[in-house]
Every structure is written in structure tokens, then in C-alpha cells.
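What follows is one structure encoded as C-alpha cells, with my remarks underneath.
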Amino acid sequence: MKREDYISWDEYFMGVAMLTGFRSKDPNTPVGACIVSADHKILSMGYNGFPVGCSDDEFPWEREGEFGDTKYAYVTHSELNAILNYRGDNRDLEGATLYVSLFPCNECAKAIIQSGIRRVVYLSDKYAGEPMTIASRRMFEAAGVKTEQYVKSGRKIEIEL
């Protein structure tokens, strides 16, 4: 008789997205993303951080101050990193699902829509009332991208590394 306490696909891929977020060096909002094909294959992953060649020791992590003195001028979000990290045929992203630990901003929403991703499963929506998130939702709805908040199962999974 087979095991019946195995995790669902959503639990698995959200777990991968969250684990990927642990690679981020952002001291305030580490975010991870995982792009998955319709047949449950991981296509790409990404986390928020600076572009290749831009040292995370030399660029700012601050949230306040002049734009050029904050992380916002330089950080690539996890969703965009996952899209840019994909090395296969971009048509493979059409119809894919993106799992992400934080609801996408408007800039990432544009990239998600343009890439052909059709479903976004997110964990946190802590910026729900912000203009960038409102714009994201509007674009997703107009483009037919389904969004759904991941509901935690309550299951605790420990991984010893």
C-alpha cells in the first residue's frame, strides 16, 4: 500500500520557492520564485538580488533615502530572475505556473504576462493595498492570468542540512 501523507504539488513547489528565497541576501524581504510546467517539471527558479557582476557587498540594501542609495534602484525581483534564468525555449513558459513567496509587483507582472505564464500562486500579499500591487492585479485580470493565494496546510516539514 502506498504512502498517503505525501505533499501536494502546490506544497512541493511553494516549498521550492521558499527554499530558493533563502538564497536572497535581502535583510528585509527575501523572496523566492519557481516556474513550473503544466506537467509538473521545474523550469526555473530565482530570488531577489543584484544582477550578475553587481556585488551585494558594494550596492545598497537600504530601503529609505534617495532612490540611487536604496536597493530599489538595483535589485532584480525573484520572478524576473526566474524568467531571465530560464535557458530553454521561451515558448516552454507558455501556460506555466509561477510559485512565489510574495505577490508580484507591477513590473514583474508585466514580465510574467509577456512570458506566457498563466497562473501565479503566491504565499504573502503584504502589499495588497499598494498601487504597484493594485496595478499587478488589474493587469493579471486583463491578461487572463489566474492568481491564487497559497493556503498553508499546517504541516510542518523539517529538513536538516
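None of the values given here were measured: they were computed from a predicted structure.
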* Asked: Does some side-chain heavy atom of C105 sit less than 4.5 Å from a side-chain heavy atom of H77?
  -> yes
* Work out which heavy atom in S78 is nearest to a heavy atom in V31; give both atom names and the distance. => OG-CG1, 3.2 Å
* To do: Of all the heavy-atom pairs spanning L102 and K126, show the shortest one and how long it is.
  => CD1-CG, 3.9 Å
* Six-ring centre of F103, R137 cation under 6.0 angstrom, axis tolerance 45° -> yes
* Which pair of non-hydrogen atoms, one from S44 and one from A82, has the smallest distance, and what is that distance? -> OG-O, 2.6 Å
* To do: Could you walk me through whether R91 and E94 pass the salt bridge (Lys or Arg N to Asp or Glu O under 4.0 Å) test, one step at a time?
  => CA-CA 5 Å; R91 290 177 293 192; E94 293 176 13; over 6 Å; no
* Who are the ring pair (Phe, Tyr, Trp, His ring centres under 6.0 Å) partners of Y150, not counting sequence neighbours? -> none
* Testing T20, N85, L19 for side chain to side chain contact (heavy atoms under 4.5 Å, CB included) with Y47, which one passes? -> T20
* To do: Determine whether F140 and V120 make a side-chain contact, defined as any pair of heavy atoms from C-beta on separated by less than 4.5 Å.
  => yes
* Does some side-chain heavy atom of E62 sit less than 4.5 Å from a side-chain heavy atom of D69? -> no
* To do: Check the pair N48, S24 against side-chain hydrogen bond (donor to acceptor under 3.5 Å, both in side chains), reporting the backbone distance first and the verdict last.
  => CA-CA 6 Å; N48 56 322; S24 173; 2.9 Å; yes
* To do: Taking all non-hydrogen atoms of both residues into account, name the closest pair between L98 and A33 and its distance.
  => CD1-CB, 3.9 Å
* **From CD1 (I83) to CG (L43), nearest 0.5 Å** => 11.5 Å
* Close side-chain approach of I35 to I42, heavy-atom, < 4.5 Å -> no
* Identify the two heavy atoms, one from L123 and one from S101, that lie closest to each other, and give their separation to 0.1 Å. => CB-O, 3.5 Å
* To do: Give every residue pair that meets the ring-ring contact (aromatic ring centres under 6.0 Å, His included) criterion with at least one member in residues 49-70, sequence neighbours excluded.
  => F50-F59, F50-W61, F59-Y74
* **Close side-chain approach of L80 and E107, heavy atoms under 4.5 Å** => no
* **NZ (K25) with more than 12 external heavy atoms under 6.0 Å** => no
* Answer yes or no: is there a side-chain heavy-atom contact under 4.5 Å between V16 and Y99? => no
* CD of Q149: more than 12 outside heavy atoms within 6.0 angstrom? -> yes
* Asked: Ion pair present between D10 and R119, side-chain N to carboxylate O less than 4.0 angstrom?
  -> yes
* **Lys/Arg N to Asp/Glu carboxylate O, K146 vs E148, below 4.0 Å** => yes
* Taking the inter-plane angle between the rings of F13 and W9 on a 0 to 90° scale, is it parallel (under 30°), tilted (30 to 60°) or perpendicular (over 60°)? -> parallel
* Asked: To the nearest 0.5 Å, what is the distance between CG (L93) and CD (Q114)?
  -> 12.5 Å
* Is the number of heavy atoms from other residues, nucleotides or ligands under 6.0 Å of E141 CD greater than 12? -> no
* Got a sec, which pairs hit salt bridge (Lys or Arg N to Asp or Glu O under 4.0 Å) with one end in residues 70-81, sequence neighbours left out? -> D26-K71
